[in-house]
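Below: one structure, written as structure tokens.
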There are 2 protein chains.
Amino acid sequence: MWNVDEILDKLKSKGYKLTGQRKAIVERLCGREDHPTAEQLYKELKKDYPTISFATIYSTVQLLEEMGYLQTLTVDEKKTHFDPTWAAHAHFFCQKCGRLEDIEMNQEEVERLKNLSKYRTQSLQVYLYGLCPECDNR
Amino acid sequence: MWNVDEILDKLKSKGYKLTGQRKAIVERLCGREDHPTAEQLYKELKKDYPTISFATIYSTVQLLEEMGYLQTLTVDEKKTHFDPTWAAHAHFFCQKCGRLEDIEMNQEEVERLKNLSKYRTQSLQVYLYGLCPECDNR
DNA sequence: AATTTACCTTTAAATAGTTATAAATTAAAT
DNA sequence: ATTTAATTTATAACTATTTAAAGGTAAATT
């Protein structure tokens with residue numbers, strides 16, 4: 001799980017400026033269990049930062065990804081979701097309502113999958129598609 | 001692997017018209033081992049069907065997906081790739097050159113992954129990211 | 001504390017993939 | 001051959017994301 005101060009220190013030590021926007025984005029992502037889109041973050045952050053822009057959100061999120069703090073999920077064809085964690089795990093995506101849930105995977109499974117390729121795998125995504133219980137009962 | 005006639009018969013039996021464009025798209029996808037994008041298909045088909053449009057390609061591909069003949073891959077953030085097969089397997093994506101390769105998975109592995117969720121999983125994608133040997137040596 | 005500078009955010013516009021619409025075309029039923 | 005309903009096409013619209021340029025700001029320097 002994220003430690004805000006650690007992430008901010010790391011940003012600073014890499015020569016990045018600690019702007020209010022960056023702090024706000026890191027704080028807003030910290031401890032989340034959901035997988036917000038750029039738009040969700042934009043709406044939420046706009047309350048504290050009325051002038052914040054998508055460009056800032058996308059660039060900060062990209063920075064956090066490069067630093068290994070978050071993952072970009074392409075499970076949803078329509079838009080990118082951000083997952084503020086790096087530990088490998090799978091995701092279940094409901095094809096009707098778009099609900100997106102984390103699924104644990106043990107380290108063995110992760111390693112086995114990474115080793116399926118003869119090339120060196122840097123990261124891994126496992127996406128399960130189906131209907132969540134709510135959508136299935138209608 | 002695909003059988004063109006079987007797919008065309010199935011289309012017809014479901015009440016879909018066998019248009020020249022649909023036949024051309026099915027024929028062009030048949031037996032492929034790569035994972036063309038809409039644009040690739042468009043360019044290729046344009047030789048035989050100079051008036052073919054993206055709308056036709058997208059709608060036909062969607063039809064084939066609904067009928068269970070092909071999969072839509074979201075491994076590449078930039079664009080959708082189509083995989084003319086339904087057997088579950090993993091994909092390796094080179095983050096530099098975009099090369100996309102099939103990786104075999106045995107049925108056990110597939111089942112184990114599908115069962116990671118307590119919900120009923122209809123389909124599955126496993127994406128491995130890294131650098132292909134060529135890109136790694138530069 | 002003021003100045004400077006390089007980086008950052010913002011605004012606005014551009015881009016690219018995909019989808020919607022409406023008119024024209026055509027497969028196939030009559 | 002005619003009819004009809006589905007399909008294709010051309011065009012425009014749409015949406016998520018990225019880019020470019022102008023102004024703003026963190027933090028290093030004086």
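Letters A, B, ... are given to chains in the order of the sequence lines, protein chains preceding strands, and every chain is numbered from 1.
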Problem - Integer-rounded Å distance: C:dG17 P and B:I57 CD1 - result: 13 Å
Completion exercise
Rounded to whole Å, the NZ-C1' distance (A:K14 to C:dA6) equals 19 Å
Handout entry: Side chain proximity check, A:W2 to A:V26, heavy atoms < 4.5 angstrom
Key = yes
Practice task
Look at all strands and tell whether A:S53 reaches a base, only sugar-phosphate, or nothing, counting heavy atoms closer than 4.0 Å.
Solution key: base
Practice task
Decide side chain to side chain donor-acceptor pair (under 3.5 Å) for B:R99 and A:Y119; before the verdict, give the C-alpha distance in whole Å, the side-chain angles of both, and the deciding distance to 0.1 Å.
Solution key: CA-CA 12 Å; B:R99 181 169 161 182; A:Y119 309 155; 3.0 Å; yes
Fill in the blank from the handout: Result for side chain to side chain contact (heavy atoms under 4.5 Å, CB included) between A:H35 and one of A:L70, A:L73, A:T72 points to A:L73
Exercise for the section: Answer with base, sugar-phosphate or nothing: what part of the nucleic acid does B:T56 contact at a heavy-atom distance below 4.0 Å? Expected result: base
Problem - B:F93 reachable from A:L124 in the ILVMFWY side-chain graph, under 4.5 Å edges - result: no
Handout entry: Value in whole Å for how far the C1' atom of D:dA16 lies from OH of A:Y42
Key = 14 Å
Practice task
State plainly whether the residues A:K14 and A:E66 are in salt-bridge range, i.e. N to O under 4.0 Å.
Solution key: no
Exercise for the section: State whether B:K43 and B:E39 are salt-bridged, where the test is any N-O pair (Lys NZ or Arg NE/NH1/NH2 against Asp/Glu carboxylate O) under 4.0 Å. Expected result: yes
Exercise for the section: Indicate whether OP1 or OP2 belonging to C:dT25 is found under 4.0 Å from a side-chain N or O atom of B:Q21. Expected result: no
Practice task
Provide, to the nearest angstrom, the distance between the CD atom belonging to A:Q40 and the P atom belonging to D:dA16.
Solution key: 12 Å
Handout entry: Footprint string (nucleotides 17-29 of chain D, 5' to 3'): B base within contact, S backbone only, - free, heavy atoms under 4.0 Å
Key = SBB-----BBS--
Fill in the blank from the handout: Separation of C:dA28 atom C1' from B:L11 atom CG, nearest Å, is 15 Å
Problem - Gap between atoms NZ and P, on B:K23 and C:dT26 respectively (whole Å) - result: 14 Å
